[in-house]
Amino acid sequence: MSIRCFEIIDPQNSEASGSSLPNKVKEECIALATIAEEAERYDEMAHFMKEAMMFGSELTEDERNLFCSVLKNTVKVRISSWKAVNDMYAKEKGGKHEKVIQSYLSKIQNEVINICYDTVSLIDNYLFPNSSSIENKVFYCKSKGDCFRWIAEVLDEKRITEIAHFIGDSYQMGKQLSIDLSSTNPIRLSLCLAIGLFYYDILKDEPRAFDFLRETFDNAIAMLDNVSETEYRGATMVLSLIRDYLWLWRPPN
């Protein structure tokens, strides 16, 4: 298999866009991203997906799943690492290794921030502007909001306040677009779950988070018997997560 996607091809170049080469390169990049995922080489997977997404064409459901896998295995893994090292740093304050651990903590933090901003740039410059699918547009808004929310997880309280409106704006745009999707649509439900987490973790508004997810859950459950088998499977997976959070966040009696 040719690794032609390492060669940078400008998607805006009219000559290249008029040929079959961009589509072939994108297909090869997607294939390599799938292989990299199986091999657990996630940074390379992220590179292949970035090359594929720069062509700005609509993502299929399988490609959206690859996109989510990239974020899970590059960003969320680093956030877990940051939290572990941050705990060590808190215990070492005043100790002889404080500065070394602080430097390492900053390194991981910068990796999270850079990956997230790089993803936001791809969404803003390539994916969202070239999308005609409401479902994909909602997915991109959610992904953008998620990136800002993940950045907030590795910031101090003052800087979290500064970035909160970027999270809210992204989710709000997705929420407005999702009006045209059914209440059982898995992407709409995933967006609602992300909004609930934003209310709870970032804004610290626990009652609002609970009420929002409760309404989302009830509306979807009421329509669940009227959907296709595929949508049913996707919806119930997200609803199971929402139910778990509702249980954790339930108000005291």
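Throughout, residue positions are numbered sequentially from 1 according to the sequence presented. It should be emphasised that the depicted structure is a prediction, and the values quoted were computed from it without experimental measurement. Scope of the values below: all heavy atoms of this structure, side chains included, with no hydrogens, waters or symmetry mates.
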Would a distance-only check, ignoring hydrogens and angles, find a side-chain to backbone donor-acceptor pair under 3.5 Å from [X] to [Y]?
X: Ser131; Y: Phe128; value: no
X: Ser170; Y: Phe166; value: yes
X: Arg250; Y: Leu246; value: no
X: Glu58; Y: Ser132; value: yes
X: Asn130; Y: Tyr126; value: yes
X: Arg188; Y: Leu181; value: yes
X: Asn125; Y: Ser121; value: yes
X: Ser190; Y: Pro186; value: yes

Atom [atom1] of [X]: over 12 foreign heavy atoms under 6.0 Å:
X: Gln172; atom1: CD; result: yes
X: Glu215; atom1: CD; result: no
X: Glu229; atom1: CD; result: no
X: Tyr104; atom1: OH; result: no

Inset, instruction - Using salt bridge (Lys or Arg N to Asp or Glu O under 4.0 Å) as the criterion, point out the one residue from Glu38, Glu44, Glu37 that pairs with Arg41. - result: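 Among Glu38, Glu44, Glu37, the one meeting salt bridge (Lys or Arg N to Asp or Glu O under 4.0 Å) with Arg41 is Glu44.
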Quick test of your reading of the model: are [X] and [Y] salt-bridged, counting only N-O distances below 4.0 Å?
X: Glu157; Y: Lys204; value: no
X: Arg149; Y: Asp146; value: yes
X: Glu28; Y: Lys24; value: yes
X: Lys91; Y: Asp87; value: no

Contact between [X] and [Y] at the side-chain level, heavy atoms closer than 4.5 Å - yes or no?
X: Lys76; Y: Leu71; value: no
X: Gln109; Y: Leu105; value: no
X: Thr119; Y: Ser143; value: no
X: Asn73; Y: Glu40; value: no
X: Glu153; Y: Lys83; value: yes
X: Lys50; Y: Val70; value: no
X: Glu63; Y: Ile30; value: yes
X: Asp169; Y: Phe148; value: no

Legend entry - Among Gln102, Glu92, Met88, the one residue meeting side chain to side chain contact (heavy atoms under 4.5 Å, CB included) with His97: Glu92
Are [X] and [Y] in one and the same hydrophobic cluster, where Ile, Leu, Val, Met, Phe, Trp and Tyr link if side-chain heavy atoms are under 4.5 Å apart?
X: Ile242; Y: Leu224; value: yes
X: Leu213; Y: Met223; value: no
X: Val238; Y: Leu248; value: yes
X: Met237; Y: Leu191; value: no
X: Val77; Y: Tyr42; value: no

Inset, instruction - Could you check Thr236 against Tyr232 for side-chain contact (heavy atoms from CB on, under 4.5 Å), going step by step and ending with a plain yes or no? - result: CA-CA 6 Å; Thr236 51; Tyr232 182 90; 3.8 Å; yes
Inset, instruction - Please assess Met49 against Leu122 for the test side-chain contact (heavy atoms from CB on, under 4.5 Å), listing each intermediate value before the final yes or no. - result: CA-CA 10 Å; Met49 284 302 295; Leu122 282 170; over 6 Å; no
Inset, instruction - Report yes if the distance between the aromatic ring centroids of Tyr200 and Tyr245 is under 6.0 Å, otherwise no. - result: no
Inset, instruction - Consider only side-chain N and O atoms of Glu231 and Ser182, and report whether a donor and an acceptor are under 3.5 Å apart. - result: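 A pair is found: one side chain offers a donor N or O, the other an acceptor, under 3.5 Å apart.
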Legend entry - side-chain contact (heavy atoms from CB on, under 4.5 Å) between Leu66 and Phe48, intermediate numbers included: CA-CA 11 Å; Leu66 284 174; Phe48 295 134; over 6 Å; no
Inset, instruction - Starting at CG of Asn65, measure out to NZ of Lys72 and round the result to the nearest 0.5 Å. - result: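 NZ of Lys72 is found 11.5 Å from CG of Asn65.
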Legend entry - Trp247 CH2 to Arg243 CZ distance, which is reported to the nearest 0.5 Å: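 Reported value, rounded in 0.5 Å steps: 11.0 Å.
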Legend entry - Audit row: Asp118, Asn114, side-chain contact (heavy atoms from CB on, under 4.5 Å) steps and yes/no: CA-CA 6 Å; Asp118 197 26; Asn114 290 337; over 6 Å; no
